[in-house]
Colleague: 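Please see the structure below; I have some questions.
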Amino acid sequence: MRARPHLFTGLAAASALMATVLALSACGGGSSSTAGGSVRKTTVLLDWDPNPDHVALYQAREAGYFKDAGLDVTLQSPSDPSDPTKLVSTGKVDLGISYEPETIIAGSQGLDVTSVAALIPTALTSVIATDKSRVRSIADLAGARVATAGLATQDAFLKTILAQNHVDEGSVKKVDVGQDLIAAMVTGNVDATLGGFRNVEAVQLAAQGRKPTVIPVTDAGVPNYDELVVIAKASRLKSDPAYRQLVRDFLAALARGNAAAVTDPSTATATITKVAEGYDPAVLPRMVDATVPLLRNPAGFGHEDPAAWQSFADWMSAQHLIDKPVRAADVVSNGYLPAG
Amino acid sequence: MGGGVPGDGAATGFSGRDEIRLTGVTRHYGTVVAVERVDLVVPRGRRVAVVGPSGCGKSTLLGLICGLDEPDEGTVDVLGATDPAGRLDRCAWMPQRDLLLPWRSALANAAVPLENQGISRRAARAAVRPLFERFGLAGFEDHRPRQLSGGMRQRVAFLRTFVAGKEVLLLDEPFGALDAITRAAAQEWLRAALDAEPRTVVLVTHDVEEALLLGHEVVVLTGRPGRVTSRHAVDLPAVATRRELLAAPEFVGLRDQVLTALERHARAAPAEG
Amino acid sequence: MASSTSADRAGQRPPSSRAGGISRGIRRYLPAAGVLVAILAAWELATAVFGVQDYILPAPSAVARALVDRWDGTLASATWVTLTEVLLGFAIAVIAGLVIACGLHFSRIARAALYPWLIGSQTVPVVVIAPVLAIIFGYSLTPKLILVALLCFFPIAVALLDGLASVDPELRRLMRTLHGGRWAIFRRVELPAALPSMFTGLRLSAAYAATAAVFGEYSGSSDGLGHVMRQAVPQLQSALVFAAIALLSAMSVALFVLVTACERLLVGWAHEGKKDR
């Protein structure tokens, strides 16, 4: 049983993107914020099908925090994880959930997005290996077969990790296996994977009795970054006061949802179980329990560290993941977060 | 193998090796009786033409003779063989449509019976090539069937049948698809070919003149079910041209006899239901 | 348009078409090329006029640039990898289709037992099969070849089987009287007569082969056009994605043309006299 449901990518992306756009236009996605006390329709395009990473969002909706803030929020699943970046930039959706690396790439290419909150303020991507594999530490990766989900960022993570730990990159055989990281490990076709999340795939493996070795990439030499972020349309933030208010209200409600999830994980589990498809209901609570501690942000909900973002952007530039260097200030803003 | 005395008639029931003999042959398909109690004798080397209207069972007879079909009653003896495999072994069948293989040249088509026996393509084609000259097809060896006229195609089909090297040739309305002029030329050609290389032939046709031109004996088959109503020995003078032959009194007389036989039965047929 | 009757051409060879053949070939493809040019021009214009962002829909000029810029580093080896998967997989499909069709043709029991399974093999969605194949066979070339072969053998097998069964029964009877045994009838009559049908199946399969290879790559690969596309999408490199798609299309068309050329070579007899295709 795969931990994560399948998404279409690549060939299907273009046409599915168009379909998403059409669907959202039909749903009235787009500029919809009306002034005053009347309810504002808000579309949020997720990065993936609903999963434990989204507890704050779904808890906020379930507990009525969005409604209290005068927002009628639609949480939409994408056809591809890069859809939110594109559709927020073109204004087809109000807000999106995306990733820090993706947002930096977007900034480098001149897309009109800004990250306004860290939904998960730490890295989740990890190097994972089952107990059947001989890999117990980064050093053991020498001569091993490592599978990634095919993202260039993950390739760069692997390169950095190997370099930082003095493992010869040439001895490591890399394979792109798409979504099937769990299968790759369980069948023994690879010795380790990079790309699984420590709160999802790792928990899945532990529940199956595989006693996985889990090393978050940021513990192995990759600069710190926020795994999931909330993105908004940058130019509209500057020009549209109603939109700014919408974003503020949204983030305030989201902060409440986040706090609720942290204090009461079992309710959060119940909430996410209702919307997450394809997950084993016995394992989902454990995933939520693994997620909740990672939501703690010492600087307050959603706060992003511009210095850390700059380090990460510089790292991406050095890895040739972006052509033009990016200034963190251009793609990150803490100005819409609730105070305190 | 050799030495069999030629059978002298139906009465003795002697199954010689030198004739085709059908005795009391009946074949039906469900409730429809195709042929009923047909007796037929074709001595080796002789040609019998079976004449009748469409649907009278003529083609069925050919199928029964060559072993592709079995009679429900009666016996079929082909040159000493009564079992289907033996009959098939002795008979070659030429259907109404030429059924030449469109992907093969005329030469290659004619060589098929030899290739089927395991002879190599090159040897088979070399063996067949001289026959093209003999059968008036010189120059057309490499033509595809679609490049040949209807008459030419029938000639190639006949040549193919001939190459099979079987003693018995069963020809099913071989010139039915041709126009009158071409048909006349084809009939002449076939008669010459068979006179030069005699075979035991059963020819089925609805054209009375053709039957008289090609057969040593004409058997009239009529009605539904097909029954033999009359037999006519063909005894014609040797004359130079076809036109003269068609005008000869013997020919005219025979044709009249046959046509009368056909007509008589056609008139009587409705009463027999 | 009436096809010329054989009487017209009795004793004559058909007119040699070699001289006019090449320019006739070019003229035949001109309308299609014209449509392509028109689409590209409209597309280029639309992206410029409507200001479509190139990460949503890149202009043809951007795609062309990506094709050129990324050829040496990325696309050349990816194209080679996918091409290998497509050609080898297709070859396996042809062989499998031939063997299966002939086997089912000769044995009635086999046909009754296996035909429903043949159809069943096509009802399992590709997106489910591909990962399963990767799990069983790993991430080498093998699962991709199997996937391409699996998807492509079916039209070939079915078309050939139908073709073999459709041979004129009278022709079969005739052959039996011309010393034709079962095997002789099969190789001299049934198989050649069934080739036109089989090529119909081949042309259908040629259209699927590239897509099947890409699905195989999605489930585990280290190179190939599918791999490139999947990497390019999250990096917002839409021009590269479309460049890869363009290469895949070219591959499909090339395979299709190859099949058609083989068809003219082997089955030319079935097409002459028909309306120009």
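A note on names: the letters A, B, ... follow the listed sequences, proteins ahead of strands, and every chain is numbered from 1. Every value quoted in this text rests on a predicted model; they were computed, and no experiment measured them. Side-chain atoms are counted along with the backbone in the values below, which use heavy atoms only and exclude waters and symmetry mates.
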Colleague: Which of parallel (below 30°), tilted (30 to 60°) and perpendicular (above 60°) describes B/Trp189 and B/Phe158?
Modeller: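 Perpendicular, since the angle between the ring planes exceeds 60°.
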
Colleague: side-chain contact (heavy atoms from CB on, under 4.5 Å) between B/Gln117 and B/Leu114: does it pass, once the steps are laid out?
Modeller: CA-CA 5 Å; B/Gln117 294 176 73; B/Leu114 295 180; 4.1 Å; yes

Colleague: Taking side chain as everything from C-beta outward and backbone as N, CA, C, O, which of these in B/Leu99 sits under 4.5 Å from a heavy atom of chain C? Side chain, backbone, both or neither.
Modeller: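 Looking at B/Leu99, backbone and side chain both touch chain C.
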
Colleague: Give, as side chain, backbone, both or neither, the part of B/Cys66 having an atom under 4.5 angstrom from any heavy atom of chain C.
Modeller: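 Only the side chain of B/Cys66 comes within 4.5 Å of chain C.
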
Colleague: Between B/Arg160 and chain C, with a heavy-atom cut-off of 4.5 Å, which part of the residue counts as in contact: side chain, backbone, both or neither?
Modeller: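 The answer is both parts of B/Arg160.
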
Colleague: CG of C/Leu30: more than 12 outside heavy atoms within 6.0 angstrom?
Modeller: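 Yes.
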
Colleague: Pair B/Glu173, B/Lys58 - check salt bridge (charged side-chain N to carboxylate O under 4.0 Å, His left out), show working.
Modeller: CA-CA 9 Å; B/Glu173 310 226 26; B/Lys58 312 194 294 291; 3.6 Å; yes

